[in-house]
Every structure is written in C-alpha cells, then in structure tokens.
**Q** 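To start, I am sharing the structure in question, which I have written as structure tokens.
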Amino acid sequence: MFNIILFGPPGSGKGTQSENLIRKYELKHLSTGDLLRSEIANQTPLGIEAKNFMDKGQLVPDEVVIGMISTALETNPQVQGFLFDGFPRTDAQAEALDKLLQLKKTSIAVMLALDVSEDELIKRLLNRGLSSGRSDDINETVIRSRIHEYENKTKPVADYYAKFGKVVHINGEGSVDEIFNALCGEIDRRKYIDIVS
Ligand code: ADP
C-alpha cells in the first residue's frame, strides 16, 4: 500500500488537490471533514455532537474522528492506498493512525504539507463561503478560530512525522496545476523508492 497525508491549514487547497491525486494514483480519499459533514447531513448522534464543535471552529474530539477513521480503514480492505485529508489533526490522532496502519502492516509513505499565508487563507475561505454552503466558511471569527486551532494543535503533527523524515513542504500559492505537479513530483519519487525497496 502507498499512503499519503495531505496536510495544511484550512483553505490551503487540500480538498481540491485530493480530488486530482486520488484519480491519478487510484487512492481511497479519506477526508474527516467530508465524513463529519455526511454524519451531520444524516443527523446521526455522532454528527449532532460534532456539529457543536465545527460551528465554533473547534476541533472535534479525538476519539470521535479516530473511531470514524478506524471504521473507514476496516471497510476498505482492498485499496491500493489511502489519501488522508484533514487527518491527523492532533498528535494523539497521529499516534492512533500509526497503530491502525501497523495492524494492516502498512504505514505513511509521506506527508505533503501545503504552505499558504494567513491573509491568503482568510481570503480563500471567505470566498468559498459565498458558494460552498458551509456555515464555517461564512463567519470570519469562526475562520480565525479554525486557523488558531491549526496553529496550536495541528501544526505540531508535522514535527511528529518530520522525526521520521516523512514531511515535504510544498508552496500552496500558485495555480492548481502548478501545485498538483509539485505534489506529483514528490509522490512519484517516493513511489519509485517504495516499489524497488
Ligand atoms: P478545513 O480544513 O477547510 O477547515 P475540513 O472539512 O477539513 O475543513 O474540516 C472542517 C471541520 O471539521 C474542522 O474545522 C473541525 O471542526 C472538523 N474536523 C475535521 N477533521 C477533523 C479532525 N481530524 N479532528 C478534529 N476535528 C476535525
């Protein structure tokens, strides 16, 4: 298996790039944001609990998202690899993911981190809010709170993977194609190593 984490702050382009990457590399896309929004749409108990946190721009508790990812891994036994988008977002989630992947005798090949300035993020998210229908994209206070959560709890996750030499930073400002090409360059280099080793 070949597993990737696409990492970066809210609005850094993870969703857009994920769509292109899963098509090219035939990976299973696991976006905790999408999974949570689908739980909310179906009004499940998990969705109702998660919504309280998401509406305030706060992270959903670790045990909730870890449980969701664990189920998703079990229900997709035959895939060539996973692309994790928006997960892990805390050190506890990263440790849990490592353990879950170990059980499947696999691991994370690389964390691709998209770097985008804060001004650009806020601009993009407010703009997305005009059409996405996402309530957390409309209010600038909620957007700032999401970026704050990212700085405090999520950014350290990159240090966790850096210890294993697995983090690559990519400039997330530029055209969608330019960024996609940079991501593919890093994946291709590692996929080759993965195949020959
Ligand atoms: P974005 O990264 O653009 O903010 P996402 O769709 O990834 O959007 O996430 C939306 C919201 O869902 C987050 O603000 C957070 O409340 C919740 N969420 C998503 N993934 C996680 C996670 N791994 N851990 C905790 N909360 C999460």
Side-chain angles (χ1 to χ4, degrees), residues 3-19 21-22 28-42 44-73 82-101 108 111-158 160-161 170 172-173 176 179:
N3 307 300
I4 300 171
I5 297 172
L6 195 54
F7 189 77
S12 55
K14 300 186 297 289
T16 306
Q17 296 296 341
S18 290
E19 291 304 328
L21 290 172
I22 55 161
K28 173 73 188 169
H29 186 196
L30 289 186
S31 155
T32 39
D34 288 350
L35 291 170
L36 289 167
R37 279 184 289 277
S38 137
E39 297 279 345
I40 291 174
N42 293 322
T44 65
L46 190 157
I48 291 163
E49 188 197 349
K51 189 174 187 314
N52 287 322
F53 294 94
M54 292 166 77
D55 283 348
K56 290 187 220 133
Q58 293 169 358
L59 292 185
V60 172
D62 285 335
E63 58 274 19
V64 175
V65 283
I66 291 167
M68 244 173 30
I69 286 290
S70 169
T71 306
L73 293 182
F82 292 99
L83 188 158
F84 296 96
D85 161 7
F87 182 89
R89 260 174 151 102
T90 63
D91 283 341
Q93 291 178 22
E95 283 164 24
L97 179 62
D98 271 0
K99 291 205 181 100
L100 288 168
L101 292 177
I108 293 297
M111 169 186 265
L112 300 166
L114 294 170
D115 294 333
V116 177
S117 72
E118 184 167 333
D119 283 352
E120 174 71 16
L121 294 175
I122 293 173
K123 223 174 19 189
R124 286 188 193 178
L125 290 168
L126 284 170
N127 199 32
R128 185 169 80 185
L130 298 175
S131 59
S132 69
R134 275 183 56 172
S135 53
D136 60 345
D137 284 345
I138 292 167
N139 182 322
E140 191 165 336
T141 312
V142 175
I143 291 176
R144 286 198 186 274
S145 160
R146 283 156 62 199
I147 294 173
H148 189 254
E149 288 277 76
Y150 172 80
E151 290 291 334
N152 284 304
K153 297 177 185 163
T154 304
K155 226 176 172 181
V157 177
Y160 175 90
Y161 288 99
I170 306 271
E173 297 189 34
V176 170
I179 300 163

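Residue indices begin at 1 and follow the sequence shown. Side chains included, hydrogens not; waters and symmetry mates left out as well; all remaining heavy atoms used. Read the numbers this way: they start at 1 and go in the same order the structure lists the ligands and their atoms.
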**Q** Does the pair D137 and R146 meet the rule for a salt bridge (Lys or Arg N to Asp or Glu O under 4.0 Å), with working shown?
**A** CA-CA 10 Å; D137 284 345; R146 283 156 62 199; 2.9 Å; yes

**Q** Mind checking salt bridge (Lys or Arg N to Asp or Glu O under 4.0 Å) for E149 and listing every partner two or more places apart, or none if nothing turns up?
**A**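 Only K153 meet the salt bridge (Lys or Arg N to Asp or Glu O under 4.0 Å) criterion with E149.
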
**Q** Given a heavy-atom cut-off of 4.0 Å, could you list the residues near ligand 1 in chain and number order?
**A**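 The answer is P10, G11, K14, T32, G33, L36, R37, M54, Q58, L59, V60, V65, G86, F87, R89, Q93, R128, R134, D136, R146, counting any residue whose heavy atom sits under 4.0 Å from ligand 1.
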
**Q** In chain order, what residues pass the side-chain hydrogen bond (donor to acceptor under 3.5 Å, both in side chains) check against Q17, with sequence neighbours excluded?
**A**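 Q17 satisfies side-chain hydrogen bond (donor to acceptor under 3.5 Å, both in side chains) with no other residue.
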
**Q** Hey, which of L114, T154, D115 is the one that makes side chain to side chain contact (heavy atoms under 4.5 Å, CB included) with F7?
**A**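 The option that passes is T154.
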
**Q** Would you mind checking if R144 and E118 are paired as a salt bridge, meaning a charged N to carboxylate O distance below 4.0 Å?
**A**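 Looking at E118 and R144, the cut-off is met.
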
**Q** Mind checking salt bridge (Lys or Arg N to Asp or Glu O under 4.0 Å) for K28 and listing every partner two or more places apart, or none if nothing turns up?
**A**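 Scan of K28 (salt bridge (Lys or Arg N to Asp or Glu O under 4.0 Å), adjacent residues dropped) gives none.
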
